[in-house]
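Everything on this sheet refers to the single structure shown next.
Each ligand, and each atom within it, is numbered from 1 in the order the structure gives.
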Amino acid sequence: MALVTLTIDNRKVSAEEGQNLLQVIREQGIDMPTLCHLDGLSERGGCRLCVVEEEGSSKLLASCVTAVRENMRVTTGSDRLFRYRRMLVELLFAERNHVCSVCVMNRRCELQSLALRFGVDHLRYDPLYPRLSTDVSHEKYALDHNRCVLCARCVRVCDEVEGVHTLDMMGRGVSCRVIADLNQPWATSRTCTNCGKCVQVCPTGAMYIKETFSAHGEKRPDLPKRIRDGREKHTWGG
Ligand code: SF4
Ligand code: SF4
Ligand code: FES
């Protein structure tokens, strides 16, 4: 495998050709915020929280979907990047109805953690307060569109790990929704295996296990990588 040399935060590093910037940044021990990225799933490049600056360019690069290049010089943390990330988190809160105090994932939610990290204690943008539904038709699981941040982790794990592609996205922009099969109640899906992987990777309270998901319910965002490693390397421990 050919190696490339690049500079990250004034540090010269080597990386394998074809690696994405996010992988290399994390290998350097840098705490890069992400939301749509999840180890074990394909990259989506949707949330833009992982943006970095590249010397010589005014454009910000989403590091999870940017391949390393020879001699590139990137900065992972700056006032501009902090402001940008904080604005993205605020916009996610403003787009749907995130009422943390009555959410099943309160205090264990990745969006809430990001808000704490970027000091989001109020919104500078008018919330849209859309009228959205919750699909509670499934025997075990619920899908609450009010809490969805459209990261598509559920869609990808259902397709790439479970292999059934029950879930998908419908619509664009503020009309975008996660759907089951042909936009029908989840319980009527003829492809869903009831595996629950989508629930385990959802970063917010948009997907949860009915009844059992209380203050003690923890999700398993490490699941896709563990399953992939288990299949590929036969490491099923843990
Ligand atoms: S429970 Fe499993 S099969 Fe059903 S939608 Fe979720 S990930 Fe897909
Ligand atoms: S339901 Fe959860 S995992 Fe799926 S797109 Fe929405 S926030 Fe992401
Ligand atoms: S983690 Fe890179 S765009 Fe979401």
- Query: Can you say whether the rings of H98 and F93 are parallel (under 30°), tilted (30 to 60°) or perpendicular (over 60°)?
  - Reply: perpendicular

- Message: Run R11 and D9 through salt bridge (Lys or Arg N to Asp or Glu O under 4.0 Å) and show every step you take.
- Response: CA-CA 5 Å; R11 206 185 306 165; D9 293 344; 5.6 Å; no

- Note on the structure: Ranked by distance from atom 2 (Fe) of ligand 1, the top protein heavy atom is C195 SG, 2.3 Å

- Task: Heavy-atom contacts with C47 under 4.0 Å: which atoms of ligand 3 show up? List them by number with element.
- Result: 1 (S), 3 (S), 4 (Fe)

- Atom pair CZ (R153) and SG (C202), whose distance is rounded to the nearest 0.5 Å: 8.0 Å

- Query: Atoms of ligand 1 less than 4.0 Å from W186 heavy atoms?
  - Reply: 5 (S), 6 (Fe)

- Show which atoms of ligand 3 fall inside a sub-4.0 Å distance from at least one heavy-atom site of C64. 1 (S), 2 (Fe), 3 (S)

- If we number the atoms of ligand 1 from 1 as shown, the ones under 4.0 Å from a heavy atom of V164 are 3 (S)

- side chain to side chain contact (heavy atoms under 4.5 Å, CB included) between C198 and W186: does it pass, once the steps are laid out? CA-CA 12 Å; C198 50; W186 199 348; 3.7 Å; yes

- Do V120 and R86 come close enough that some side-chain heavy atom pair is under 4.5 Å? yes

- Query: Around atom 4 (Fe) of ligand 2, how many protein N/O/S atoms fall inside 2.8 Å?
  - Reply: 1

- Shortest protein heavy-atom distance from atom 8 (Fe) of ligand 1, along with the residue and atom involved: C158 SG, 2.4 Å

- Query: Is any side-chain heavy atom of H138 less than 4.5 Å from a side-chain heavy atom of M207?
  - Reply: no

- Message: Quick check on contacts: which atoms of ligand 3 are under 4.0 angstrom from a heavy atom of H37?
- Response: 1 (S)

- Could you list the atoms of ligand 1 found under 4.0 angstrom from a heavy atom of C192? 1 (S), 3 (S), 4 (Fe), 5 (S)

- Task: May I ask you to list the atoms of ligand 3 that are less than 4.0 angstrom from any heavy atom of G46?
- Result: 3 (S)

- Query: Near R48, which atoms of ligand 3 are under 4.0 Å from a heavy atom of that residue?
  - Reply: 3 (S), 4 (Fe)

- Message: What I want to find out is whether R156 reaches E162 closely enough, with some N-O distance under 4.0 Å, to be called a salt bridge.
- Response: no

- Query: Are side-chain heavy atoms of Y208 and T134 found at a separation under 4.5 Å?
  - Reply: yes

- Hey, are D144 and R147 close enough for a salt bridge, meaning a charged N less than 4.0 Å from a carboxylate O? yes

- Message: Can you confirm whether T34 sits close enough to R48 that some side-chain heavy atom of one is under 4.5 Å from a side-chain heavy atom of the other?
- Response: no

- Using side chain to side chain contact (heavy atoms under 4.5 Å, CB included) as the criterion, point out the one residue from L132, L92, V178, L143 that pairs with C148. V178

- Query: Which atoms of ligand 3 sit under 4.0 Å from any heavy atom of C36?
  - Reply: 1 (S), 3 (S), 4 (Fe)

- Message: Could you see if I25 belongs to whatever hydrophobic cluster contains V68? Use Ile, Leu, Val, Met, Phe, Trp, Tyr and a side-chain cutoff under 4.5 Å.
- Response: yes

- Note on the structure: ligand 1 atoms nearer than 4.0 angstrom to some heavy atom of G196 are 1 (S), 2 (Fe)

